[in-house]
Number of protein chains: 2
Amino acid sequence: MATIHDVAKAAGVSNSTVSYVLSGKRSISAETRHRVEDAIKQLGYRPHAGARALASSRSSTLALVAPLRADVDVNVIMQFVTGVVTRARDHEMDVLLLTQDDPGGIERAANSSLADALIMMDIEAEDPRIPTLVELRRPAVLIGLPADARGLSVVDLDFEAAGRLAWQYLTGLGHRQIALIGPTPAVLGRHTSYANRLLDGYRGAAERDDRPTAVEPAEAGHAGGLAAIRRVLDRMPEVSAVVVHNEAALPGVLTGLRAAGHEIGTGISVLAICPADVAVQQAVPLTSIDIPAIRMGKIAVDLAMARIDGSDDPEIRLLVPQVTERDSTRALL
Amino acid sequence: MATIHDVAKAAGVSNSTVSYVLSGKRSISAETRHRVEDAIKQLGYRPHAGARALASSRSSTLALVAPLRADVDVNVIMQFVTGVVTRARDHEMDVLLLTQDDPGGIERAANSSLADALIMMDIEAEDPRIPTLVELRRPAVLIGLPADARGLSVVDLDFEAAGRLAWQYLTGLGHRQIALIGPTPAVLGRHTSYANRLLDGYRGAAERDDRPTAVEPAEAGHAGGLAAIRRVLDRMPEVSAVVVHNEAALPGVLTGLRAAGHEIGTGISVLAICPADVAVQQAVPLTSIDIPAIRMGKIAVDLAMARIDGSDDPEIRLLVPQVTERDSTRALL
DNA sequence: CTGAAAGCGCTAACAC
DNA sequence: GTGTTAGCGCTTTCAG
């Protein structure tokens, strides 16, 4: 591999000039710049990442902590990851992939200067990793709002508002008997941030309207969704609308509804809270409150970069939920 | 951050001794080792990854090239990734995540010494990236068998054998009218390695038995599966067994079968070719030929490490397919 | 069994 | 606008 010195020699300039051509940190005559750029191309030169990290104390790498084997929906995770990786490249950053269950992985990435910042997904309300993260004194961004962000940057959908919105949207259509099918008991048990906040918003709205509702968790998979919708129909036989906040259970819920003789949309309304593409791919295109996962991943990177550049203070960014109407909801006459 | 020098001072030894304690590359008296290890713990010392990479020309990082937004099933991708990341940690390696559509990403990772080896997924028969990969002269492993591996290591399920096995298993059960629903036309059009090889094996077996079959691609999603199974029922009204090699279309196929009045298992047999957990999560637990994605990811890492250590020659590892019986297939009387 | 010291390739003062 | 050079923190000869 060619080094910066080889390039310098080839272009007839000094090492530092090559370095500055690359970084743009001081002005270079058009003439010189050209010769250097030619030499770089000629030699296929790439700066050695390690050497650069050592000299500049910047690794140009972001560490992403992902829950690879979690009960969280893979689809959503992949979208976060996609958003993070693509936006990272816009900032000329690479992404180091860490898993949740790599003990000490976070410390390793931070303290060995492997990464300039950390992005962590699947945040619980009282996430035990947050104190660790804070102690590292490195820029960190959470995808998911914890109870106490402790001065870290956060991006998330405003799930509380989403819960409220779900209720209001359906009551606005005239529905009076509304149920909610939520995440798996495991997710709820872990007090995963988004799950609880959605529930709070939803229940709060129902209470303000002084109207009862049924809330059921659902296990993952077809069977889980099926069981959950059966319990709902049992507890609330006159139900006319159901909110589903569980991607993996969605197909089962729809099947169950059909099996019970309910036409989706015309009969019972279904409002999903999930990424748009998941909503679209179902048996019936579902009206949904979009979880803009790719966008959230991108924002996470932007927040991280802002912290790395030292310009910005930690920031909490909650995205406003919105309903996209498709074929699964209808106004009650 | 503490440096190796701080540790050396604290332990009253030289830099090199600390380094050797860490690497184990020369013998150290128990006494000294102990003092050094204490100092390391005391100071919370972590070697600077960049410095280490610079001095040793080893980054301890594997680059993983993943098709993040592809039409390939996310579930499967995540499993490969999981396998790669967990096994990488066993080798004390970290994983850099690159995307398919990051032009020059491969070159960057390799030539800037960001990664010691590359692992690439979603390989096409005539993959245009392979020549690039070969020119890099870095250890590289393909997850997916191309037409010509060009001296790179490869791990894959033996899809040709899987196609044959699918046919033989079903004919073994007495089925005579068998159809296959394959990947999306896009995947087939790209000549994705696994798609074509499965088809070859399957068709070859059918021809040897001198029996006709119907092959239909399916678009992703519920609608895609539904449409595909309808076409199959149209072309082959007496069909008694269908092979499905398309995770995303699976739910639609099952729904379509039901809608046409066929009970799955007792009526029409369904054999899926997909990861085990996908097969299990369907409306009916499906008999399947497992795609052991996690295991393949792990093997990919092992192959990469073997190349890095310089000990082994490139190796092509094809895994033997096996049928796991669940509830969706039955012998024809 | 241990130390001294020469780089690894780059960045960023500091000089001019 | 450009060159010189002192590190960055580690690994690894070479010496003893």
Side-chain angles (χ1 to χ4, degrees), chain A residues 1-37 39-40 43-61 92 94 108-116 308, chain B residues 1-37 39-40 43-61 92 94 108-116 308:
Chain A
M1 293 288 84
T3 72
I4 199 172
H5 187 67
D6 301 328
V7 176
K9 254 193 325 195
V13 299
S14 72
N15 286 8
S16 58
T17 299
V18 177
S19 177
Y20 284 120
V21 166
L22 251 20
S23 70
K25 286 190 183 173
R26 78 183 186 190
S27 42
I28 307 275
S29 72
E31 154 72 14
T32 308
R33 146 167 297 117
H34 210 79
R35 284 215 314 284
V36 170
E37 281 168 349
I40 289 179
L43 296 169
Y45 166 72
R46 303 259 182 185
H48 187 290
R52 181 171 259 184
L54 180 56
S56 67
S57 37
R58 288 281 226 105
S59 64
S60 295
T61 296
E92 308 207 303
D94 273 298
R108 185 164 35 85
N111 292 335
S112 68
S113 303
L114 259 176
D116 297 328
I308 290 176
Chain B
M1 294 287 83
T3 73
I4 199 172
H5 189 66
D6 300 328
V7 176
K9 256 192 324 195
V13 299
S14 71
N15 286 8
S16 57
T17 297
V18 177
S19 177
Y20 284 119
V21 165
L22 250 21
S23 69
K25 286 189 184 174
R26 78 182 184 191
S27 42
I28 306 275
S29 72
E31 155 71 16
T32 309
R33 146 167 298 118
H34 210 80
R35 284 217 311 285
V36 171
E37 281 168 349
I40 289 179
L43 297 170
Y45 167 71
R46 304 257 181 186
H48 186 290
R52 181 170 260 185
L54 180 56
S56 67
S57 37
R58 287 282 226 104
S59 65
S60 294
T61 295
E92 309 208 303
D94 274 297
R108 185 163 34 85
N111 292 335
S112 67
S113 302
L114 257 178
D116 298 327
I308 290 176

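Chain A is the first sequence line, chain B the second, and so forth, proteins listed ahead of strands; every chain is numbered from 1.
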Test side chain to side chain contact (heavy atoms under 4.5 Å, CB included) on B:Tyr45 and B:Leu22 and set out the steps.
CA-CA 11 Å; B:Tyr45 167 71; B:Leu22 250 21; 3.7 Å; yes
Among C:dT11, D:dT12, D:dC10, the nucleotide that comes nearest once only the side chain of A:Ser56 is considered
C:dT11
Flag side-chain contact, heavy atom, 4.5 Å: B:Ile40 against B:Arg46:
no
Kindly determine whether A:His34 and A:Ser29 satisfy side chain to side chain contact (heavy atoms under 4.5 Å, CB included), including the steps that lead there.
CA-CA 8 Å; A:His34 210 79; A:Ser29 72; over 6 Å; no
When you check the phosphate oxygens OP1 and OP2 of C:dT11, does a side-chain N or O of A:Lys25 lie under 4.0 Å from one of them?
no
Apply the test side chain to side chain contact (heavy atoms under 4.5 Å, CB included) to residues A:Ser59 and A:Arg52: give CA-CA distance (whole Å), side-chain angles for both, the deciding distance (0.1 Å), then the verdict.
CA-CA 7 Å; A:Ser59 64; A:Arg52 181 171 259 184; over 6 Å; no
Rounded to whole Å, how long is the line connecting atom NE2 of A:His48 with atom P of D:dG9?
17 Å
Sugar-phosphate, base or nothing in reach of B:Thr32, heavy atoms under 4.0 Å
sugar-phosphate
Integer-rounded Å distance: D:dG1 P and A:Glu31 CD
13 Å
Is it the case that the side chain of B:Ser112 and the backbone of A:Ala49 share a donor-acceptor pair, with hydrogens and angles ignored and the cut-off at 3.5 Å?
no
Between A:His48 and A:Met1, does a side chain to side chain contact (heavy atoms under 4.5 Å, CB included) hold up when you go through it step by step?
CA-CA 9 Å; A:His48 187 290; A:Met1 293 288 84; over 6 Å; no
Could you check how far CD1 of B:Ile28 sits from P of C:dT2, rounded to whole Å?
6 Å
Nearest to the side chain of A:Ser29 - D:dG1, D:dG9, D:dG7?
D:dG1
Whole-Å distance between D:dT5 C1' and A:Ile4 CD1?
14 Å
Just how far, in rounded Å, is C1' of D:dC10 from CE of B:Met1?
16 Å
Rounded to whole Å, the CZ-P distance (A:Arg35 to D:dG1) equals 14 Å
Please check if the side chain of B:Asp6 supplies one atom and the backbone of B:Thr3 the other of a donor-acceptor pair under 3.5 Å.
yes
Check: B:Ser60 main-chain N/O paired with B:Asp116 side-chain donor or acceptor under 3.5 Å:
yes
Please determine whether a side-chain nitrogen or oxygen atom of B:Arg52 lies at a distance below 4.0 Å from atom OP1 or OP2 of D:dG9.
no
DNA chain D: B:Ser23 or A:Arg33, which has the more 5' nearest nucleotide?
A:Arg33
Rounded to 10 degrees, the angle between the two terminal axes of the helix from C:dC1-D:dG16 to C:dC16-D:dG1, each from five pairs:
30°
B:Arg26 CZ - D:dA15 P separation (whole Å):
14 Å
Closest of C:dT2, C:dA12, D:dT12 to the B:Tyr20 side chain is D:dT12
Counting N and O atoms only, with roles assigned by atom type, does the side chain of A:Ser19 sit under 3.5 Å from a partner on the main chain of A:Thr17, one being a donor and the other an acceptor?
no
Between B:Arg35 (side chain) and B:Ala11 (backbone), is there a donor-acceptor pair under 3.5 Å?
yes
Rounded to whole angstroms, how far apart are CG on A:Leu114 and P on D:dC10?
13 Å
Close residues, residues 8-19 of chain A, relative to DNA chain C [heavy-atom separation under 4.0 Å]:
A:Ser16, A:Ser19
